[in-house]
S.K.: 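Sharing a structure below in structure tokens format, with a few things to ask.
As the structure is a prediction and not an experimental result, all values here were calculated from the model.
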Amino acid sequence: MDVQHTYIRNFSSHTADTVTVKGWVSNIRFSKTNIFIDFRDGSGFCQVVMSQDVLGEERFEEAKKLTRESSLAVSGTLIADERQLGGYEIQANSFCVYHIAVDFPIKANETEHGVRFLEDNRHIWLRSRRQWAIMRVRNQVIMGIHAYFQDNGFVQMDSPLFTGNAAEGSTTLFETDFFGEPAYLAQTGQLYGEAMAMAQGLIYTFGPTFRAEKSNTPRHLAEFWMIEPEMAFFDNDMNMSVIEGMVRSVVSRVLEKCETELKMLDRDTSKLQFAAEPFPRIKYVDAVKILRGELEINGKNAIALQEEDLAHAKALIEQHTAEIAEREATIKGGVKKGIRKFNEQKIAALQAEIKELEEQVRNIPNWIESAKNFVDGEDFGGSDETVLTRVFDAPVMVHDWPAKIKAFYMKEVDGNPDYVKGVDLLAPEGFGEVVGGSERETDIDVLVKKIEEHKLPQDVFEWYLDLRRFGSVPHSGFGLGLERLVRWICNLNHMRETIPFARRYGRLNP
RNA sequence: GCCUCCAUAGCUCAGCUGGUUAGAGCGCCGGACUGUUAAUCCGUAGGUCCAAGGUUCAAGUCCUUGUGGGGGCGCCA
């Protein structure tokens with residue numbers, strides 16, 4: 001690629017003294033003879049200094065007209081400076097303005113805005129540091145997934161987005177008009193993936209998926225990107241090995257390639273460094289026992305841990321409240337403005353934290369009740385996943401689920417047809433289900449029986465049944481939610497930040 | 001779909017049991033100062049208090065309905 005200017009990310013390999021960069025003003029500070037610009041060019045961030053001494057009075061006056069998000073090209077001397085983010089600073093010799101931006105609505109500190117305002121302004125919110133970092137991580141997650149599968153001999157396939165029927169019969173689908181016939185936007189490509197796996201052996205899909213449920217939660221989108229590998233001659237244990245291998249590979253790639261981004265996101269990366277031993281694999285029946293506090297893991301009791309968390313949250317609230325009172329007393333005592341401001345900021349931060357803690361104090365008792373009274377045979381709720389994963393340090397794989405709460409195509413556990421060989425990967429820190437998969441039923445008679453039991457129309461599955469008529473083999477696969485993985489790795493409290501333009505219940509624009 | 005909280009300046013919020021002319025911080029604009037890091041200091045401008053109806057001598061504040069939003073639950077990747 002041949003370009004005339006330099007990208008900030010390439011500064012470390014840049015040899016000449018002078019550079020030309022093209023980009024935008026992220027933030028700007030004026031002093032009498034210097035202007036300091038937080039400059040961004042898409043590839044990174046760098047401080048640009050414009051001095052009256054260097055530029056001359058006339059050009060310096062021009063530079064004073066720059067505003068946040070104005071666009072410009074700058075040529076100048078590249079100076080290594082450890083104090084600056086990225087380790088460099090540019091002393092400008094000349095500059096050329098493309099456009100002066102007027103009244104950019106988003107503040108330099110995006111956390112001062114409400115979520116509604118930011119999402120309404122998503123098209124320009126994407127420019128903020130935090131969103132820049134998230135999108136960079138997302139990019140590495142995507143490339144990491146491709147790399148893992150490609151390196152292991154998988155073939156990428158695209159499954160259709162229009163389907164003539166609801167595949168699993170359970171979820172609500174978006175209906176569209178397909179030349180006069182009703183058609184639905186795909187909620188999964190799995191059945192097509194199975195067909196392709198019988199042709200290519202190892203395949204994976206990577207594409208958009210649509211769910212029309214009116215889910216209004218931080219972990220649901222109406223349009224999201226799903227990765228669905230399907231492996232011929234793989235049983236569910238091998239399936240779990242693939243899940244673990246892929247997740248480890250992607251997470252370590254992000255840790256390696258996105259150090260700056262994760263730092264910008266203030267991510268505690270120790271939580272993403274898993275021990276060498278395999279991710280715990282626990283059967284559903286044992287997960288239920290752990291949840292009810294009847295089974296301990298490494299001396300950890302799930303219910304007791306929640307009670308500890310609750311007590312801890314309460315103690316922290318008291319501690320913060322005391323600190324706020326103390327700081328308020330300091331302010332009332334009459335202090336210099338700088339000190340007053342400093343204390344006011346601390347108080348605001350503490351109050352925000354208290355708000356979150358109070359949310360926990362409200363929620364945890366419900367979670368404990370829900371976990372204690374969990375009914376064997378039911379599906380886990382969001383809070384149950386949080387309580388369950390709390391006793392582990394790594395992601396957990398829960399397998400061998402009750403047949404009645406899982407899809408028709410899952411293979412029965414040998415000698416125990418009430419359970420099926422499904423597996424869910426639950427991420428730690430309350431992020432919940434990231435992967436759902438299973439070994440598929442291979443016996444056509446069992447499959448036909450299951451289709452009947454699930455009250456699904458057999459005729460639309462005839463092509464799928466053909467896969468069992470001609471060389472049926474054991475095979476497995478899973479679905480990975482890209483945005484859920486990004487959310488967990490970046491430690492985001494909502495899915496709306498994991499994708500450039502979120503499409504979810506109540507949000508279609510911009 | 002259910003539970004719960006909320007809607008006040010461009011943005012984030014305060015406004016107590018109803019009581020004269022509705023406040024702050026940030027941003028904008030003007031000025032001062034300054035190798036600055038969310039710069040700092042001084043000043044100006046900026047409001048149909050979500051909508052409709054009701055209670056009252058008096059409503060940003062209380063009641064009803066509607067609309068929009070946050071958080072939790074369900075459905076799941």
S.K.: Give me the residues of residues 489-505 of chain A where at least one heavy atom lies under 4.0 Å from an atom of RNA chain B, by number, or none.
M.R.: His494(A), Met495(A), Arg496(A), Arg504(A)
S.K.: Where the side chain of Glu213(A) is defined as all heavy atoms beyond and including C-beta, which of A39(B), G35(B), C75(B) is the nearest nucleotide?
M.R.: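 Of A39(B), G35(B), C75(B), C75(B) is nearest to the side chain of Glu213(A).
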S.K.: What string of B, S and - do you get for nucleotides 3-13 of chain B, 5' to 3', if B is base contact, S is sugar-phosphate-only contact and - is no contact with any protein heavy atom under 4.0 Å?
M.R.: --------BS-
S.K.: Could you tell me whether Glu483(A) contacts a base, only the sugar-phosphate backbone, or nothing, with contacts defined as non-hydrogen atoms closer than 4.0 Å?
M.R.: nothing
S.K.: So which nucleotide from U36(B), C75(B), G70(B) ends up closest to the side chain of Arg29(A)?
M.R.: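 From the listed options, U36(B) comes nearest.
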S.K.: Check for a donor-acceptor pair, side chain of Arg503(A) on one end and backbone N or O of Glu223(A) on the other, with a separation under 3.5 Å.
M.R.: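 No; judged by distance alone, with no hydrogens or angles, the pair does not exist.
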S.K.: Which nucleotide sits closest to the side chain of Asn216(A): A38(B), G70(B), C76(B)?
M.R.: G70(B)
S.K.: So Glu110(A), base contact, sugar-phosphate only, or nothing? Heavy-atom distance under 4.0 Å.
M.R.: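 Nothing: the residue Glu110(A), judged by heavy atoms under 4.0 Å, touches no strand.
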S.K.: Can you tell me, in whole Å, how much space there is between the C1' of A38(B) and that of C26(B)?
M.R.: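 After rounding to an integer number of Å, I get 10 Å for this pair.
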S.K.: Under 4.0 Å, counting only non-hydrogen atoms across every strand here, what does Glu223(A) touch: a base, just sugar-phosphate, or nothing?
M.R.: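 Nothing, no heavy atom under 4.0 Å.
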S.K.: With a non-hydrogen cut-off below 4.0 angstrom, is Asn366(A) in contact with a base, only sugar-phosphate, or nothing?
M.R.: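 No contact at all - Asn366(A) keeps every heavy atom at 4.0 Å or more from the nucleic acid.
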S.K.: Within the structure shown, what part of the strands sits under 4.0 Å from Asp38(A) by heavy-atom distance: base, sugar-phosphate, or nothing?
M.R.: nothing
S.K.: What ring pair (Phe, Tyr, Trp, His ring centres under 6.0 Å) pairs are there with at least one residue in residues 111-130 of chain A, not counting sequence neighbours?
M.R.: His113(A)-Phe117(A)
S.K.: Side chain of Gln47(A) only, heavy atoms from C-beta on: which candidate in C76(B), G35(B), A39(B) is closest?
M.R.: G35(B)
S.K.: What's Phe104(A) touching, base or sugar-phosphate or nothing? Going by heavy atoms closer than 4.0 Å.
M.R.: nothing
S.K.: Would you indicate what Ser370(A) reaches in the nucleic acid, counting non-hydrogen atoms under 4.0 angstrom: base, sugar-phosphate, or nothing?
M.R.: nothing
S.K.: Hey, can you pull the residues of residues 432-440 of chain A with a non-hydrogen atom under 4.0 angstrom from RNA chain B?
M.R.: Glu433(A), Val434(A), Val435(A), Gly436(A)
S.K.: For Asp120(A), report the nucleic acid contact type (base, sugar-phosphate, nothing); a contact means any heavy atom under 4.0 Å.
M.R.: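 Nothing, no heavy atom under 4.0 Å.
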S.K.: What's the closest nucleotide to the side chain of Asp103(A) if the choices are C75(B), A77(B), C28(B)?
M.R.: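 Given the options C75(B), A77(B), C28(B), the side chain of Asp103(A) is closest to C28(B).
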S.K.: Enter the distance from Ile37(A):CD1 to Asn27(A):CG here, rounded to the nearest 0.5 Å.
M.R.: 10.0 Å
S.K.: By nearest atom, which of the nucleotides G35(B), C76(B), A77(B) is closest to the Phe36(A) side chain?
M.R.: G35(B)
S.K.: As a test of your reading of the structure, name each stem of RNA chain B as range with range, where a stem is three or more consecutive Watson-Crick or G-U pairs at under 3.5 Å.
M.R.: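 Stem list for RNA chain B: B:1-7 with B:67-73, B:10-13 with B:23-26, B:29-32 with B:40-43, B:50-54 with B:62-66.
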S.K.: Phe104(A) vs Trp24(A), test: ring pair (Phe, Tyr, Trp, His ring centres under 6.0 Å). Steps then yes/no.
M.R.: CA-CA 12 Å; Phe104(A) 187 68; Trp24(A) 297 262; over 10 Å; no
S.K.: Could you please name the option among G72(B), U36(B), C75(B) that lies closest to any side-chain atom of Asn363(A)?
M.R.: G72(B)
S.K.: Using the test ring pair (Phe, Tyr, Trp, His ring centres under 6.0 Å), find all partners of His146(A) that sit at least two apart in sequence or belong to another chain.
M.R.: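 Ring pair (Phe, Tyr, Trp, His ring centres under 6.0 Å) list for His146(A), sorted by chain: Tyr204(A), Phe206(A).
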S.K.: Report which part of the nucleic acid Leu221(A) touches: base, sugar-phosphate, or nothing (heavy-atom distance under 4.0 Å, all strands).
M.R.: base
